[in-house]
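Just below is one structure, and these are the notes that go with it.
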Amino acid sequence: MYIASARAGTRTRLGAVPKTVVALGVVSLLTDVSAEMITAFLPVYLLFSLNIGYVQFGLLDGLYTGATAVLRLVGGHFADRLRRPKLVAGVGYGLSAVTKLVFPAVGASALGIGGVIAADRAGKGLRTAPRDALISLSVPTDQLGTAFGVHRSMDTVGALIGPVVTFLILMNLGTAPTPIFVVSFGFALLGLIVLGFFVPERPKATASPGPAPSIRAGLALLKDVPFRRAGVVAALLGIATVSDAFVFVLVQRTTEVPLGVLPLLPLGTALTFLLFAAPLGRLADVVGRWPVFFGGHVLLLGVYLLLLAPAGGYGVAVAALIMHGLFYAATDGVLSAWTGAMIPPSLRGSGLAVVQTGQALARLVSSIGFGFLLQYAALGTAVLTAVCALAVALVAVLVVTRKETTS
Amino acid sequence: MTTRTRTALGALLIVVVVLATGVYLWQAGGPSGTAAAAAPGGASITLVDQRDGGDAVSTTDPGQTDGPRTPTGLRCQRVYTAGGTTVCLRLAGIGPSFEAAVIVGGAEVKTIPLPGVPSRARVSASGKVVSWTVFVTGDSYASAGGFSTRTGYYDLRDGTLVESLETFALTVDGVAHTALDVNYWGMTFQTDDTTFYATVGTGGRRWLIKGSTSAKTAATVRQGPECPSLSPDGKHLAYKKATKWVGRWELAVEDLETGTEKVLPNTSGIDDQAAWLDDNTLAYGVPSQQTGVPGIYRVQSNGTTDPILIATAASSPVPNR
């Protein structure tokens with residue numbers, strides 16, 4: 001049934017992207033509205049409704065982020081093993097949806113709230129690799145960049161809508177937490193329904209070509225030179241990537257725009273990401289994913305260099321945010337497109353999970369390291385360290401890619 | 001299941017979920033709460049009424065437990081009034097973002113966008129200087145036990161706005177300190193409207209600091225005390241203090257002339273910048289262990305009596321003088 005319809009009616013007006021990708025984009029959009037509603041509300045909830053300090057909360061948060069990154073590997077593996085990426089993704093989406101209703105039940109216990117957030121993260125960890133596998137299996141290899149670009153763009157639309165919904169509820173219904181959680185659950189449920197009823201399971205073929213999925217086969221992927229190289233490259237650059245929150249604080253401080261603008265800075269990055277994810281994905285399909293991925297990180301170096309300029313004001317701040325958004329547009333979906341093309345379809349979930357987990361763990365290490373640095377360093381030193389680390393990583397990556405190709 | 005029935009069923013479920021959520025919201029948005037009878041005359045306190053998840057600024061009688069509350073019409077996450085000046089930290093826009101509104105004689109004279117979620121608010125006894133502390137989310141995301149605050153002030157006399165005390169020259173134990181992880185919270189002003197006390201945190205340690213807004217300097221006094229609050233006569237400093245472990249504070253009062261400190265009995269669990277109702281009485285919020293919803297207590301500053309509950313599901317006590 002699906003193969004027949006894949007030929008005929010799958011082209012939509014969103015570029016030349018198949019329906020499956022658009023449907024998955026809608027799922028991610030709705031899920032992100034749900035997730036970002038909570039992200040925006042959580043500080044108000046913890047500080048005003050529950051009076052929990054970040055002292056208790058910060059530590060748990062860091063621990064859970066690291067632990068759940070590993071769940072991506074589990075999600076990817078089972079998606080391949082069961083040959084049902086949609087089912088595994090659905091479990092992840094479902095788990096995250098349920099956590100929205102558990103929040104009120106755990107009350108003011110920092111441990112309980114940490115646990116609920118961990119379950120939410122676990123859901124995200126489980127679903128990411130299977131979902132990316134589904135996307136990558138529904139388009140021809142030469143259109144992977146565009147497909148991931150469209151998906152990430154729709155995802156970001158949801159991330160922008162979420163905080164608006166939270167604000168509207170807070171403004172009209174006060175700071176009572178229940179309406180936020182109920183509406184967030186509603187959006188998550190809509191995402192699940194779209195996944196269940198509008199995304200076909202196993203889009204391309206009934207038996208994917210490639211080795212039988214197993215943990216050993218997944219690990220054997222790392223013997224493949226281009227794939228291993230891509231994983232190492234993503235991790236190396238991940239270690240030199242300063243986390244978003246730090247970037248926004250540094251942008252505000254170095255450009256000396258008013259402190260009150262700080263909460264609006266993430267919007268600049270998100271809007272740019274939203275607008276350029278699809279075009280840069282398409283560019284990656286045309287000129288190659290590696291050059292675009294590498295170029296994205298050069299743009300990130302540009303962001304750090306802009307932070308060295310003293311008191312740049314709004315002009316420099318806007319330029320930095322646009323470049324930061326372009327960095328995401330050129331790297332986030334492009335990484336999955338780049339590495340997805342190297343992995344046999346039967347191992348797509350496991351393979352994508354390996355690269356994403358490596359990158360996520362590297363970024364966590366970077367975040368902890370940078371946080372540590374800020375305890376001792378002055379502003380200029382911190383930015384200069386970021387510049388040097390990324391410059392070294394970019395050179396190292398060029399050396400790695402050259403060495404691996406000649407060996 | 002054919003594609004058509006599948007699509008129809010999916011569409012039906014979507015309609016059901018949207019309708020159910022809509023009906024829920026419609027009900028939640030209905031009339032809630034009843035306007036309380038006017039509080040009796042005499043001394044009253046202002047607070048943020050958090051019943052039903054609300055944030056209505058109300059007045060009540062501090063002489064009884066859960067007396068009637070009278071809404072003032074303001075909605076704030078945190079509020080303080082002194083010398084005829086009110087500062088209201090409230091929801092401002094998407095994000096959600098927040099702002100500090102400075103109100104004098106019923107008119108808003110200044111609105112300042114805030115970089116985070118409101119935590120503390122204070123006005124100097126004369127009403128000339130207002131200050132606030134907000135939590136900024138994210139920028140110490142993965143650092144152990146990390147959190148990040150910004151404390152700013154606005155001087156009504158000359159319109160000086162300092163968005164963050166981070167721009168002040170700080171000395172820690174006499175040594176100039178430039179680390180980026182410096183956080184300030186809980187500012188309070190001396191009767192000269194220039195000298196202030198606050199808390200600074202850096203490198204995982206917290207200090208009571210004393211500073212000057214005219215010289216733009218601050219120096220550590222000693223480690224430990226947080227969220228200081230000067231009595232109206234400027235002779236006593238109340239603060240919360242972790243006596244057993246971090247995150248579990250007690251209320252203490254220091255006599256600034258003699259330097260003697262008294263930890264007030266049975267105030268364990270306080271998480272607030274205490275407010276002086278008069279030169280001998282303090283009011284402060286304690287979050288409930290189960291629900292987190294704070295209640296407001298009052299206590300004699302000499303530590304001779306146990307705390308008395310004034311209001312449940314309320315925060316941000318403010319004396320009405």
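Keep in mind that what you see is a predicted model, and the values were worked out from it rather than measured. Chain letters run A, B, ... following the sequence lines, proteins first, then strands; residues in each count from 1.
- N183(B) places a side-chain N or O within donor-acceptor distance of the main-chain N or O of T149(B), the cut-off being under 3.5 Å.
- Between the CH2 atom of W132(B) and the CG atom of L89(B) there is a distance of 8.5 Å, given to the nearest 0.5 Å.
- Of the two parts of V182(B), neither the backbone nor the side chain holds a non-hydrogen atom closer than 4.5 Å to a non-hydrogen atom of chain A.
- Under 4.0 Å is where a charged nitrogen must lie from a carboxylate oxygen, and between E108(B) and R90(B) at least one such pair does.
- Each of G369(A), G162(A), P177(A), P258(A) has some count of heavy-atom pairs under 4.5 Å with chain B, and the biggest count is that of P258(A).
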Where do D271(B) and R120(B) land on the salt bridge (charged side-chain N to carboxylate O under 4.0 Å, His left out) test, with the steps shown first? CA-CA 11 Å; D271(B) 187 5; R120(B) 308 281 180 241; 3.1 Å; yes

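- Among the candidates A382(A), P163(A), P179(A), the residue making the largest number of heavy-atom pairs closer than 4.5 Å to chain B is P179(A).
- Chain A forms more heavy-atom pairs under 4.5 Å with one residue of T21(B), T7(B), V134(B) than with any other, namely T7(B).
- Taken to the nearest 0.5 Å, the CG atom of D49(B) stands 4.5 Å off from the CZ atom of R69(B).
- Contact count versus chain A (heavy atoms, under 4.5 Å) is highest, among I14(B), L161(B), L114(B), for I14(B).
- Closest non-hydrogen pair, G269(B) versus V286(B), comes out as O-CG1, 3.6 Å.
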Going by atom type alone, with no hydrogens or angles, which donor-acceptor pairs under 3.5 Å involve a side-chain atom of residues 189-196 of chain A and a protein atom two or more places apart or on another chain?
none

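- Of the two parts of T178(A), the backbone and the side chain both hold a non-hydrogen atom closer than 4.5 Å to a non-hydrogen atom of chain B.
- Here Q77(B) is the residue among H177(B), R78(B), Q77(B) with the most heavy-atom pairs under 4.5 Å with chain A.
- Only the backbone of A92(B) comes within less than 4.5 Å of a heavy atom of chain A; no side-chain atom from C-beta onward does.
- With chain B as the partner, the residue from F370(A), F185(A), F248(A), F198(A) showing the most heavy-atom pairs under 4.5 Å is F198(A).
- For a residue to count as touching a neighbouring chain, one of its non-hydrogen atoms must lie under 4.5 Å from one of that chain's; by this rule E99(B) does not touch chain A.
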